[in-house]
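Predicted, not measured: the structure shown is a model, and the values here were computed from it.
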Amino acid sequence: FKVETIGDAYMAVTNLVEDQDSDHALRIAHFAIHAVEAAASTPIDPDNPAMGNIEIRVGFHSGPVVANVVGSRNPRYCLFGDTVNTASRM
């Protein structure tokens, strides 16, 4: 599991080790729908309902990536490739 901050968004990556089942896109879509629904029913401030509820945007993309540790003084596990670039623009 890897999470990257991209501007005002987070990009999460899972299961970099094994090939995915054929229904992985469907499972991700269901997760995205449930995440949006959960956020929409969560108040920003329970003591001030006028502030409304949390709003999130969700996008998903799948494809090949290259992963490696970058740096020696402060090493970071990084992901590279067109898949990462596409996901970061969603």
Side-chain angles (χ1 to χ4, degrees):
F1 185 74
K2 169 77 173 146
V3 176
E4 289 275 340
T5 304
I6 302 171
D8 66 342
Y10 294 98
M11 179 183 74
V13 180
T14 62
N15 199 4
L16 294 169
V17 179
E18 298 176 5
D19 288 340
Q20 294 292 316
D21 293 334
S22 61
D23 69 338
H24 74 278
L26 179 63
R27 290 184 286 129
I28 295 286
H30 284 148
F31 171 80
I33 290 167
H34 293 298
V36 171
E37 290 171 349
S41 65
T42 304
I44 293 172
D45 183 355
D47 297 329
N48 186 1
M51 292 185 72
N53 292 341
I54 295 174
E55 296 179 10
I56 64 171
R57 62 185 169 91
V58 176
F60 58 93
H61 184 61
S62 65
V65 297
V66 174
N68 206 341
V69 176
V70 177
S72 55
R73 190 177 334 158
N74 187 15
R76 290 187 51 192
Y77 183 68
C78 296
L79 302 171
F80 306 95
D82 288 341
T83 302
V84 175
N85 295 335
T86 301
S88 72
R89 289 172 177 79
M90 295 182 92

Can you confirm whether more than 12 heavy atoms, excluding those of Asp19, are under 6.0 Å from its CG atom? no

Is it true that atom CG of Asn53 has more than 12 heavy atoms of other residues, nucleotides or ligands lying nearer than 6.0 Å? yes

When rounded to the nearest 0.5 Å, the distance separating CZ of Arg27 from CZ of Phe60 is 12.0 Å

The reported gap from OG1 in Thr42 to CD in Glu37 (rounded to nearest 0.5 angstrom) is 11.5 Å

With clusters defined by side-chain heavy atoms of hydrophobic residues (ILVMFWY) lying less than 4.5 Å apart, directly or transitively, does Phe80 cluster with Tyr77?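 No; Phe80 is not reachable from Tyr77 via cluster members.
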
I want to check something: taking the side chain as every heavy atom from C-beta on, are [X] and [Y] in contact at a cut-off of under 4.5 Å?
X     : Y     : answer
Ile44 : Ile54 : yes
Val66 : Leu79 : no
Leu26 : Phe31 : no

Looking at Pro75 and Ser72, what are the two nearest heavy atoms and their distance?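 Closest approach of Pro75 to Ser72, heavy atoms only: CD-O, 3.9 Å.
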
Looking at Ala35 and Ile56, what are the two nearest heavy atoms and their distance? O-CD1, 3.5 Å

Would you say the side-chain atoms of Asp21 pair up with the backbone N or O of Asp23, donor to acceptor, closer than 3.5 Å?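 Here the side-chain-to-backbone pair does not exist.
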
